[in-house]
Undergrad: 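I'd like to ask some things about the structure below.
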Protein chains: 2
Amino acid sequence: MADSVTSMTPGKENLLFLTDEQLRKGIEAMFFAYRGFTADPDRILEKHGYGRAHHRAIHFIHRCPGTTVNNLLAILGVTKQSLNRVLRTLIADGLVESRVGTRDKRERHLYLTRSGDALEQDLSNAQRVRMRAAYRTVGPEAVAGFRQVLEAMMDPEMQHHFNRLRGNRP
Amino acid sequence: MADSVTSMTPGKENLLFLTDEQLRKGIEAMFFAYRGFTADPDRILEKHGYGRAHHRAIHFIHRCPGTTVNNLLAILGVTKQSLNRVLRTLIADGLVESRVGTRDKRERHLYLTRSGDALEQDLSNAQRVRMRAAYRTVGPEAVAGFRQVLEAMMDPEMQHHFNRLRGNRP
DNA sequence: TTGGAAAGTCAACAACGCTGACTTAAACTC
DNA sequence: GAGTTTAAGTCAGCGTTGTTGACTTTCCAA
């Protein structure tokens with residue numbers, strides 16, 4: 001099953017178990033797959049006049065209801081200005097609600113409104129359909145490997161954020 | 001080994017073997033991992049005043065020496081104008097050579113120059129270092145699964161391009 | 001020889017990153 | 001209580017990279 005990855009070109013030591021060409025194929029697979037990964041949401045977003053930045057904000061507000069702007073900045077890894085531009089439109093369009101913090105009134109806590117949640121469902125459902133189809137094609141063991149490699153590829157800081165999100169051990 | 005993916009929340013049917021929450025984690029893993037995946041090349045590109053579009057062009061010209069602009073357009077999935085802007089700077093900077101076709105003189109065949117190849121080596125090496133580290137962390141079976149899921153996630157057209165590239169069965 | 005494909009160009013625009021400077025309000029710290 | 005720090009928001013401006021639309025040049029092929 002793992003032959004295409006573990007097999008070596010003759011004459012190379014087997015310790016590394018991966019040639020540069022095999023690594024290159026992994027790189028290309030990431031490129032092509034990410035395009036597929038974003039294609040379905042992109043089509044939905046376009047109809048609403050939004051972009052990927054809006055999707056990311058919506059996704060993580062759904063995932064961490066009541067999160068602060070600062071927390072979102074850390075997860076998304078963008079500047080305050082970039083995020084703010086997106087949040088402003090989402091709030092103006094009534095998809096996101098910003099509530100002043102009770103403990104710390106400097107903070108704004110972000111929530112999806114009913115219509116924000118509807119769009120989130122729409123977006124994540126489209127993405128899950130593709131994911132589920134891929135998962136069902138390749139089987140559970142491949143999926144486990146997929147997740148392991150992705151996690152190992154993250155920057156440690158992002159790995160931290162990733163594991164802080166719900167659903168790691170469901 | 002595959003427990004974290006195959007285990008089910010109690011009370012749900014085991015036929016699908018994946019809850020929406022688990023699919024969501026896969027989606028988030030893609031997001032965070034892709035950031036790590038592009039981080040190292042991005043740093044190198046910045047020093048040269050280039051962006052990801054330049055990297056993609058360089059990568060596939062290296063991979064398919066002598067490819068035509070049209071073929072590159074199909075692989076990259078962008079408009080002629082977007083690609084042309086990038087190619088123009090790469091050609092002006094002496095990283096890419098554009099040769100008029102011999103059989104069909106309308107076509108331009110693209111090649112990396114010596115310095116173009118040097119940058120490609122630099123970029124792909126940085127990316128391979130991370131890939132190799134991730135692969136070594138998780139082992140060959142996980143890598144096989146990783147590649148399988150990625151390929152299943154691609155649009156069929158991109159899957160076609162992916163398999164047309166060298167290195168599939170090394 | 002003429003139609004159409006391939007390549008290139010120009011203009012204009014949008015999304016979404018970035019930096020830098022600045023304000024407001026609240027919270028802390030001494 | 002005064003001063004500093006922190007969270008958030010805003011404005012201006014810029015760069016990369018994507019888009020559409022219109023147009024020209026070159027040149028193969030029917």
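By convention in this document, chain letters (A, B, ...) are assigned in the order of the sequence lines, proteins followed by strands, and residues within each chain are numbered from 1. This one's a predicted model, so the numbers in the text were calculated from it and none came from an experiment. Note: hydrogens, waters and symmetry copies are ignored here, and every other heavy atom, side chains too, is used.
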Undergrad: Distance check: side-chain N/O of B/Asn84 vs OP1/OP2 of C/dA7, anything under 4.0 Å?
TA: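 Checking C/dA7 against B/Asn84, no side-chain N or O comes under 4.0 Å of OP1 or OP2.
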Undergrad: Does one side chain, of A/Glu28 or B/His59, offer a donor that lies under 3.5 Å from an acceptor on the other?
TA: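 Judged by distance alone, the side chains do pair up.
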Undergrad: Report yes or no: does A/Arg130 contribute a side-chain atom to a donor-acceptor pair with the main-chain N or O of A/Thr38 at less than 3.5 Å?
TA: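 Pair absent, no side-chain N/O of A/Arg130 close to backbone of A/Thr38.
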Undergrad: Short question: side chain of A/Thr113, backbone of A/Leu95 - any donor-acceptor pair under 3.5 Å?
TA: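 Between the backbone of A/Leu95 and the side chain of A/Thr113 there is a qualifying donor-acceptor contact (under 3.5 Å).
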Undergrad: If you compare every side-chain N and O of B/Thr79 against the phosphate oxygens of D/dT19 (OP1, OP2), does one of them come in below 4.0 Å?
TA: yes
Undergrad: Examine C/dA15: is either OP1 or OP2 under 4.0 Å from a nitrogen or oxygen in the side chain of A/Arg85? Give yes or no.
TA: no
Undergrad: Just to be sure I understand the rule, does B/Gly49 reach a base, reach only the sugar-phosphate, or reach nothing, if contact means heavy atoms closer than 4.0 Å?
TA: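 Counting heavy atoms under 4.0 Å across all strands, the contact made by B/Gly49 is with sugar-phosphate only.
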Undergrad: Can you tell me whether the side chain of B/Arg106 and the base of D/dT26 have a donor-acceptor pair closer than 3.5 Å?
TA: no
Undergrad: Can you tell me which nucleotide in D/dG9, C/dA6, C/dG17 comes closest to the side chain of A/Lys80?
TA: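 Closest of the options to the side chain of A/Lys80: D/dG9.
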Undergrad: Any N or O donor-acceptor pair linking the side chain of B/Glu46 to the base of D/dG15 at under 3.5 Å?
TA: no
Undergrad: Does B/Arg56 put a side-chain nitrogen or oxygen below 4.0 Å from OP1 or OP2 of D/dG18?
TA: yes
Undergrad: Counting only side-chain heavy atoms from C-beta out, which of C/dA21, D/dT17, D/dA7 sits nearest to A/Asn70?
TA: D/dA7
Undergrad: For B/Val100 and for A/Asn71, locate the closest nucleotide of DNA chain D by heavy-atom distance; then report the residue assigned to the nucleotide nearer the 5' terminus.
TA: A/Asn71
Undergrad: Pick the nucleotide of DNA chain C nearest each of B/Ile91 and A/His54; which residue has the one closer to the 5' end?
TA: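 On the 5' side of the pair lies B/Ile91.
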Undergrad: A side-chain contact here means heavy atoms from C-beta on lying under 4.5 Å apart; do B/Phe60 and B/Asn71 qualify?
TA: no
Undergrad: State which of D/dT20, C/dC18, D/dA8 makes the closest approach to the side chain of B/Gln81.
TA: D/dT20
Undergrad: Considering just the side-chain nitrogens and oxygens of A/Arg88, establish if one lies under 4.0 Å of OP1 or OP2 belonging to D/dT10.
TA: yes
Undergrad: Report yes if a side-chain nitrogen or oxygen of A/Ser82 is closer than 4.0 Å to either non-bridging phosphate oxygen (OP1 or OP2) of C/dC18; otherwise report no.
TA: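 Checking A/Ser82 against C/dC18: at least one side-chain N or O falls below 4.0 Å of OP1 or OP2.
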Undergrad: Please tell me whether B/Asn163 and B/Glu151 have a donor and an acceptor in their side chains that are separated by less than 3.5 angstrom.
TA: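 Yes, because at least one side-chain N or O of B/Asn163 sits under 3.5 Å from a partner of the opposite role on B/Glu151.
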Undergrad: What's the closest nucleotide to the side chain of A/Arg108 if the choices are D/dT19, C/dA5, D/dA8?
TA: D/dA8
